[in-house]
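So the structure is just underneath, and the comments pick up after that.
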Amino acid sequence: MKLLLDNNISFRLIKKITDIFPESSHVRFHGLIEAEDHDIWHFAKEKGFHILTKDSDFNDLAIVKKHPPKIIWLKTGNCSIDSIETSLRKNFLIISEFINTGDESILEIE
């Protein structure tokens, strides 16, 4: 399961989650730090990523364009990298099932 972290999530999270989300990356590593959401969407779709974001704008794209990519929307507000890591680990099975099955395009995690 490859996640592409949006620019509103620290790139430092990548090192903490590669054991459960191998091949994950951050938009900054692909020259997308200043990119529009639709450009990130297309990149993720083309490269086989699912988007991890705190941005509600991806919700709107997912409603219109469906998936792939699937959107994992963190609704945690401002929090530490460790808190996000904990949330991802706690919800790993839910995220895995969401990515691998079903017709849903958006998963909200709090």
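Bear in mind the structure is a predicted one, so any value in this text is a computation, not a measurement.
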Pairs where residues 32-41 contributes a residue and the test side chain to side chain donor-acceptor pair (under 3.5 Å) is met, not counting sequence neighbours: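 Those involving residues 32-41 do not exist here.
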
For residues [X] and [Y], report the shortest heavy-atom separation together with the two atoms involved.
X      : Y     : answer
Ser10  : Ile81 : OG-CD1, 3.5 Å
Leu4   : Val27 : CD1-N, 3.9 Å
Ile71  : Ala62 : CG1-CB, 3.9 Å
Met1   : Ile20 : CE-O, 4.2 Å
Glu110 : Ser87 : O-OG, 4.0 Å
Lys45  : Pro68 : CD-O, 3.6 Å

Atom pair [atom1] ([X]) and [atom2] ([Y]), whose distance is rounded to the nearest 0.5 Å:
X     : Y     : atom1 : atom2 : answer
Phe58 : Ile51 : CZ    : CD1   : 4.5 Å
Asn59 : Leu61 : CG    : CG    : 9.0 Å
Ile95 : Leu3  : CD1   : CG    : 7.0 Å
Leu32 : Ser25 : CG    : OG    : 9.0 Å
Trp73 : Asp6  : CH2   : CG    : 12.5 Å

message: Run Asp82 and Lys16 through side-chain contact (heavy atoms from CB on, under 4.5 Å) and show every step you take.
response: CA-CA 8 Å; Asp82 291 338; Lys16 295 179 170 278; 3.0 Å; yes

message: Set out, in order, the CA-CA distance, both residues' side-chain angles and the distance that settles side-chain contact (heavy atoms from CB on, under 4.5 Å) for Ile14 and Leu5, then state yes or no.
response: CA-CA 8 Å; Ile14 295 295; Leu5 280 60; 3.6 Å; yes

message: Any side-chain to backbone donor/acceptor pair from Thr101 onto Phe98? Under 3.5 Å, distance only.
response: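 Between the backbone of Phe98 and the side chain of Thr101 there is no qualifying donor-acceptor contact (under 3.5 Å).
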
message: Please check this pair: side chain of Asn7 against backbone of Ile33, looking for a donor-acceptor N/O pair closer than 3.5 Å.
response: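 Yes, because the side chain of Asn7 sits within donor-acceptor range (under 3.5 Å) of the backbone of Ile33.
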
message: Please enumerate all residues that pass salt bridge (charged side-chain N to carboxylate O under 4.0 Å, His left out) together with Arg89, with sequence neighbours excluded.
response: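 With sequence neighbours excluded, Arg89 shows a salt bridge (charged side-chain N to carboxylate O under 4.0 Å, His left out) to Asp19, Glu85, given in chain and number order.
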
Side chain to side chain contact (heavy atoms under 4.5 Å, CB included) against Lys90, all qualifying residues, sequence neighbours excluded: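 Lys90: no side chain to side chain contact (heavy atoms under 4.5 Å, CB included) contacts found.
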
Mind checking whether [X] and [Y] sit in one hydrophobic cluster, side chains of I, L, V, M, F, W, Y counted as touching below 4.5 Å?
X      : Y     : answer
Leu13  : Ile72 : yes
Leu107 : Ile17 : yes
Ile99  : Leu88 : yes
Ile106 : Ile94 : no

task: Can you run down the salt bridge (charged side-chain N to carboxylate O under 4.0 Å, His left out) pairs that involve residues 94-104, sequence neighbours left out, and say none if there aren't any?
output: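 Of all non-adjacent pairs touching residues 94-104, none passes salt bridge (charged side-chain N to carboxylate O under 4.0 Å, His left out).
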
- prompt: Applying salt bridge (charged side-chain N to carboxylate O under 4.0 Å, His left out), which residue pairs with at least one partner in residues 52-75 are found, sequence neighbours left out?
  reply: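 Every salt bridge (charged side-chain N to carboxylate O under 4.0 Å, His left out) pair that includes a residue of residues 52-75, provided the two are not neighbours, is Lys75-Glu108.
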
field: Partner residues of Ser80 under the side chain to side chain donor-acceptor pair (under 3.5 Å) criterion, sequence neighbours left out
entry: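 Scan of Ser80 (side chain to side chain donor-acceptor pair (under 3.5 Å), adjacent residues dropped) gives Ser83.
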
- request: Apply side-chain contact (heavy atoms from CB on, under 4.5 Å) to Asn8 and Thr53, showing your working.
  value: CA-CA 7 Å; Asn8 51 28; Thr53 187; 3.4 Å; yes

- request: Please work out whether the ring planes of His30 and Phe43 are parallel, tilted or perpendicular, with thresholds of 30° and 60°.
  value: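 His30 vs Phe43 ring planes: tilted.
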
